[in-house]
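What follows is a single structure, written as structure tokens, with notes after it.
Fair warning: this is a prediction, and the values are worked out from it, not measured in the lab. Numbers for residues simply follow the sequence, beginning at 1.
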Amino acid sequence: MVIRRVVQAGALFVVLALLCLGVLRQCSAEISRYAFAPIHAFEPALPLHASDYADPGLWIARPGMPADPAQWLPPGTVAETPGDTAVFFVHSTTYLSRNHWNAPLDDADLRRRADVLVAATASAFNAVGSVWVPRYRQAALGTFLMDGTKRQRAMEVAYADVRAAFAAFLGALPPETPIILAGHSQGAWAVARLLHDEVRGRLLGRRVVAAYAVGWPIVASRAAAETGLTPAPRPISPIASSAGSALPNRPIQPCCCAPTAAGPTPPPRPTRCCASTR
């Protein structure tokens, strides 16, 4: 009798578990939206300008900054002499709260998370040259689970900040400095837009030797038309791409991840290719 009841209880548990899995599978998008979608109305924000980014407090990383997270190195790694390329890096989404559609710039927890994330990602470029990482009013995580006007407005606020920071970045560089643009997830989306709006078809494009846009869909067949760059044929490290840009009297034809012109052999520890294609 006891065994029979145990078997019945076990069968009931299996049926309930399967039902729960079915519900989760069918309603996962709705559950995610409920868990992460902002709960307040969209709050219009005053735009930031390039001049605002003269404030060091609006940068996570830039030359001369004390305790710069982008200069982090794994234990036991010997620092290399940086190259002459400047890297503009846009970090991924770190604002998980539902209280705003865009992250407040003065959120202490958010700033700490962003610093840790930059140490883990943007530090891959610190042997290339100077690394610049702006703080920006990123769209909240829940924004990407939504559709409609509010999502678009939140993403426009984030991009406007990145675009202003990029203008400040360019203004601080010597005019012929080679440039790498890089970003992850939401940052990759912003980098792709910068390529479209600020690089494609402009003289600045001659200075952009590589763009690493990781974690955001970039359709390979449309990449050249939309960004002015062509997808790299293989994964290549930022060190190799920057070294290729530094070769004297050599034309540079930039692409999504690396120059199309043959460059030096990549080092033995290449990073993953930038373009997310499908």
Side-chain angles (χ1 to χ4, degrees), residues 24 27-62 69 88-122 132-169 181-198 212-219 226-227 276:
L24 287 173
C27 305
S28 58
E30 289 77 8
I31 293 172
S32 296
R33 280 194 288 269
Y34 179 80
F36 293 106
I39 57 177
H40 299 296
F42 177 81
E43 303 156 307
L46 294 175
L48 293 178
H49 304 284
S51 58
D52 293 313
Y53 278 92
D55 178 3
L58 285 180
W59 294 91
I60 301 172
R62 58 173 291 175
F88 185 78
F89 186 95
V90 187
H91 70 79
S92 60
T93 307
T94 56
Y95 187 60
L96 312 180
S97 173
R98 303 173 66 196
N99 291 330
H100 302 280
W101 286 83
N102 290 92
L105 290 171
D106 58 356
D107 186 304
D109 288 336
L110 172 67
R111 292 171 79 95
R112 281 192 292 270
R113 284 196 298 272
D115 289 354
V116 170
L117 190 65
V118 166
T121 53
W132 301 64
V133 186
R135 298 193 188 278
Y136 67 107
R137 291 171 292 187
Q138 59 183 274
L141 177 63
T143 300
F144 296 92
L145 303 173
M146 308 295 289
D147 296 313
T149 303
K150 291 180 180 179
R151 167 183 167 144
Q152 185 63 30
R153 293 175 71 185
M155 295 182 73
E156 288 301 322
V157 169
Y159 175 67
D161 284 3
V162 171
R163 195 173 188 178
F166 185 63
F169 162 78
L181 285 85
H184 183 263
S185 189
Q186 181 172 175
W189 165 78
V191 162
R193 280 198 63 178
L194 282 177
L195 290 170
H196 179 276
D197 295 344
E198 302 294 334
Y212 292 77
V214 184
W216 191 264
I218 297 176
V219 180
E226 294 178 355
T227 68
S276 172

For this session: Specify whether Phe88 and Phe169 have parallel, tilted or perpendicular ring planes, treating 30° as the upper limit for parallel and 60° as the lower limit for perpendicular.
Result: tilted
Exercise. Can you name the nearest heavy-atom pair linking Gly187 to Tyr136, along with the distance?
Worked result: N-OH, 4.1 Å
Problem set entry | Approximate separation, where rounding is to 0.5 Å, of Leu195 CG and Ile218 CD1 | 8.0 Å
Exercise. Would you say Arg113 and Asp109 make side-chain contact, with heavy atoms under 4.5 Å?
Worked result: yes
For this session: Could you tell me whether the side chain of Trp216 reaches within less than 4.5 Å of the side chain of Val191, counting heavy atoms only?
Result: no
For this session: Kindly assign one of parallel, tilted or perpendicular to the pair Trp189 and Tyr159, based on the angle between their ring planes and the thresholds 30° and 60°.
Result: perpendicular
Exercise. Under 3.5 Å, side chain of Arg111 to main-chain N/O of Leu105, donor-acceptor pair present?
Worked result: yes
Problem set entry | Gap between atom CG of Asp107 and atom CZ of Arg112 - 0.5 Å precision | 8.5 Å
Problem set entry | For Ala158 against Ala139, the heavy-atom pair lying closest together | CB-N, 3.8 Å
Seminar exercise, completed: d(Arg153 CZ, Trp101 CH2) to nearest 0.5 Å is 10.0 Å
Exercise. Can you tell me how far CG of Asp197 sits from OG1 of Thr227, rounded to the nearest 0.5 angstrom?
Worked result: 11.5 Å
Problem set entry | Centroid-centroid under 6.0 Å between His184 and Phe89 rings | no
Exercise. If you take all heavy atoms of Pro134 and His91, which pair is closest and at what distance?
Worked result: O-CD2, 4.0 Å
For this session: Mind listing the closest non-hydrogen atom pair of Arg135 and Ala114 along with its distance?
Result: NH1-CB, 4.3 Å
For this session: Identify the residue among Arg193, Lys150, Arg137 that makes a salt bridge (Lys or Arg N to Asp or Glu O under 4.0 Å) with Glu156.
Result: Arg193
Problem set entry | side-chain contact (heavy atoms from CB on, under 4.5 Å) partners of His196, counting only residues at least two apart | Arg200
For this session: Could you pull out the closest heavy-atom pair between Thr143 and Ala154, with the gap in Å?
Result: CG2-CB, 4.0 Å
For this session: Check whether any side-chain heavy atom of Tyr53 lies under 4.5 Å from a side-chain heavy atom of Arg62, and answer yes or no.
Result: no
Exercise. Can you find a pair of side-chain heavy atoms, one from Tyr95 and one from Pro104, that are under 4.5 Å apart?
Worked result: yes
Problem set entry | Minimal non-hydrogen separation, Pro47 against Asp52, with atom names | O-OD2, 4.4 Å
Problem set entry | side-chain hydrogen bond (donor to acceptor under 3.5 Å, both in side chains), paired with Gln138, selected from Asn102, Asp161, Thr93, Thr94 | Thr94
